[in-house]
Amino acid sequence: MNSPNAPGALRHPSRDRPRLSLLSFNMQVGVGTKRYREYVTRGWRHVLPSQQVRDNLDRIGELLVGHDIIGLQEIDAGSRRSQYRNQIEHLAEQAGFEYWRVQVNRNLGRVAQHGLGLISRFTPFAVSEHKLPGRLPGRGALIARFGTPSDSLAVVVTHLALGAGSRARQLAAICDLVAKDEHVVVMGDTNCTAHALIADPALAASGLHVYDRPLPTFPSWRPRRGIDHILTSPSLAIRDARAIDTVLSDHLPLHMTVELPTALQQALESAHHGRQG
């Protein structure tokens, strides 16, 4: 039987609706930068394999346990630097999750398979990969829909551009992709503050909620900027949100707990048990 903190046990707090535990993390392909000078001294780990990266990946796997849906950015899907191992598959197996998916946005062959990852205790009924507009190629959105077509949760994992103009176009594209979804989560490294997200016209028109309390995530060893975010539709009540104080990357992981509407919770559990059966 699953423990209350393990994947597979949806939380049912007393006097409350069931809750879903979300995690978003720019994992920096496991490099584990801990100070600015390591961008130079450890830069080679972005192209060559190392034992330190493998060890750090195991620590990231331990972090994932207890969450329900996880969005990861800056992952490697299997190249020389990861010893041709799909990091998302490895993390899912280590943490005990059955479902995972990757989207490669920058395919550099044997040098790097750079992209996004989704790990979940639920199996989605639909998954789509989208290239996002921008001045430079290589940004994308991975969208998974969970539950049933009539009552679904759309989860978007993304990593937005550094430039404000490209970022605005990417946010508009994402909002358009989920415009017909009632229950939505968008998670990722947005490379901008909550204030900038709140001011974005497409995001404001979408109705998606930006958690506006300060949650600094970058740099991880002395967090000053909140540039990692989990956006939610109004139907998902936020009950907890915090940056997790653990230096496994140059970003801190971001956790959020949301309450589920009853019909959505039932659809998620029904689909989950149906696939298990």
Side-chain angles (χ1 to χ4, degrees), residues 1-25 60-72 91-92 95-101 117-125 127 142-158 178 181-188 194 206-215 217 226 228-246 252-276:
M1 185 173 183
N2 291 321
S3 71
N5 294 320
L10 193 63
R11 295 145 190 80
H12 294 262
S14 60
R15 296 177 296 176
D16 220 337
R17 291 187 296 184
R19 297 179 178 183
L20 198 68
S21 179
L22 308 170
L23 185 77
S24 180
F25 186 32
I60 293 172
E62 294 171 1
L63 169 73
L64 306 187
V65 175
H67 299 283
D68 298 306
I69 300 177
I70 299 150
L72 298 167
L91 289 170
F97 290 86
E98 294 184 1
Y99 182 82
W100 58 270
R101 177 71 177 257
L118 173 74
I119 296 176
S120 173
R121 79 172 185 86
F122 302 103
T123 299
F125 65 83
V127 183
L142 176 61
I143 304 180
R145 290 179 169 86
F146 300 89
T148 64
S150 60
D151 211 329
S152 66
L153 172 68
V155 175
V156 184
V157 182
T158 192
V178 296
D181 292 278
E182 180 181 2
H183 311 298
V184 180
V185 169
V186 179
M187 63 171 79
S206 74
L208 288 171
H209 175 75
V210 180
Y211 190 81
D212 56 1
R213 297 178 187 174
L215 294 175
T217 57
D228 300 90
H229 298 277
I230 300 177
L231 315 178
T232 54
S233 56
S235 61
L236 305 174
I238 299 170
R239 290 301 171 222
D240 180 36
R242 55 191 167 87
I244 299 174
D245 186 15
T246 179
L252 293 180
L254 188 64
H255 160 78
M256 180 176 285
T257 302
V258 297
E259 273 189 5
L260 298 175
T262 301
L264 176 59
Q265 178 264 328
Q266 292 174 345
L268 287 173
E269 291 287 17
S270 176
H272 179 61
H273 293 310
R275 291 184 177 92
Q276 284 187 329

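Note that the structure is predicted; figures quoted are calculated from it, not measured. All heavy atoms count here, side chains included; hydrogens, waters and symmetry mates do not.
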> Taking it one step at a time, do Thr232 and Met256 satisfy side-chain contact (heavy atoms from CB on, under 4.5 Å)?
Replying inline: CA-CA 10 Å; Thr232 54; Met256 180 176 285; 3.8 Å; yes

> What heavy-atom pair brings Gly117 and Leu142 nearest, and what distance separates the two atoms?
Replying inline: C-CD2, 4.4 Å

> How many angstroms lie between atom OH of Tyr99 and atom CD1 of Ile70, to the nearest 0.5 angstrom?
Replying inline: 13.0 Å

> How many angstroms lie between OG1 in Thr257 and CG in Leu20, if you round to the nearest 0.5 Å?
Replying inline: 8.5 Å

> Below 4.5 Å, heavy atoms only, C-beta onward: do Ile69 and Leu118 meet side chain to side chain?
Replying inline: yes

> Tell me, do Leu91 and Leu72 make a side-chain contact under 4.5 Å, heavy atoms counted?
Replying inline: yes

>> Can you tell me how the ring of Phe146 sits relative to the ring of Phe122, calling it parallel under 30°, perpendicular over 60° and tilted otherwise?
In response: perpendicular

> Which pair of heavy atoms, one from Ile244 and one from Leu23, lies closest together, and at what distance?
Replying inline: CD1-CD1, 3.7 Å

>> Please check: side-chain N/O of Ser152 versus main-chain N/O of Gly147, any donor-acceptor pairing under 3.5 Å?
In response: no

> Which heavy atom of Ile230 sits nearest a heavy atom of Ser24, and at what distance?
Replying inline: CG1-CB, 4.1 Å

>> Please find the pair of heavy atoms, one from Thr217 and one from Ala243, that lie closest to each other, and give the distance.
In response: CG2-CB, 4.1 Å

>> Once rounded to the nearest 0.5 Å, what's the spacing between atom CG of Leu231 and atom CD1 of Ile238?
In response: 9.0 Å

>> Would you compute the distance between atom CG of Leu64 and atom CZ of Arg121 and round it to the nearest 0.5 angstrom?
In response: 15.0 Å

> Are the side chain of Ser120 and the backbone N or O of Thr123 linked by a donor-acceptor pair below 3.5 Å?
Replying inline: no

> What heavy-atom pair brings Leu260 and Leu264 nearest, and what distance separates the two atoms?
Replying inline: CD2-CD2, 4.0 Å

> At what distance, to the nearest 0.5 angstrom, does CZ of Arg101 lie from CD1 of Ile143?
Replying inline: 11.5 Å

> Given Ser235, which of Glu259, Glu182, His209, His183 fulfils the side chain to side chain donor-acceptor pair (under 3.5 Å) condition?
Replying inline: His183

> For the residue pair Ser21 and His255, what are the closest heavy atoms and their distance?
Replying inline: OG-CE1, 3.2 Å

>> Does any part of the side chain of Leu254, heavy atoms only, come nearer than 4.5 Å to the side chain of Tyr211, both counted from C-beta?
In response: no

>> Apply side-chain contact (heavy atoms from CB on, under 4.5 Å) to residues Leu153 and Val185 and explain how you reach the verdict.
In response: CA-CA 8 Å; Leu153 172 68; Val185 169; 4.2 Å; yes

> Does the pair Asp240 and Arg19 meet the rule for a salt bridge (Lys or Arg N to Asp or Glu O under 4.0 Å), with working shown?
Replying inline: CA-CA 10 Å; Asp240 180 36; Arg19 297 179 178 183; over 6 Å; no

>> Counting C-beta onward and ignoring hydrogens, is there a side-chain heavy-atom pair between Leu63 and Pro253 closer than 4.5 Å?
In response: yes

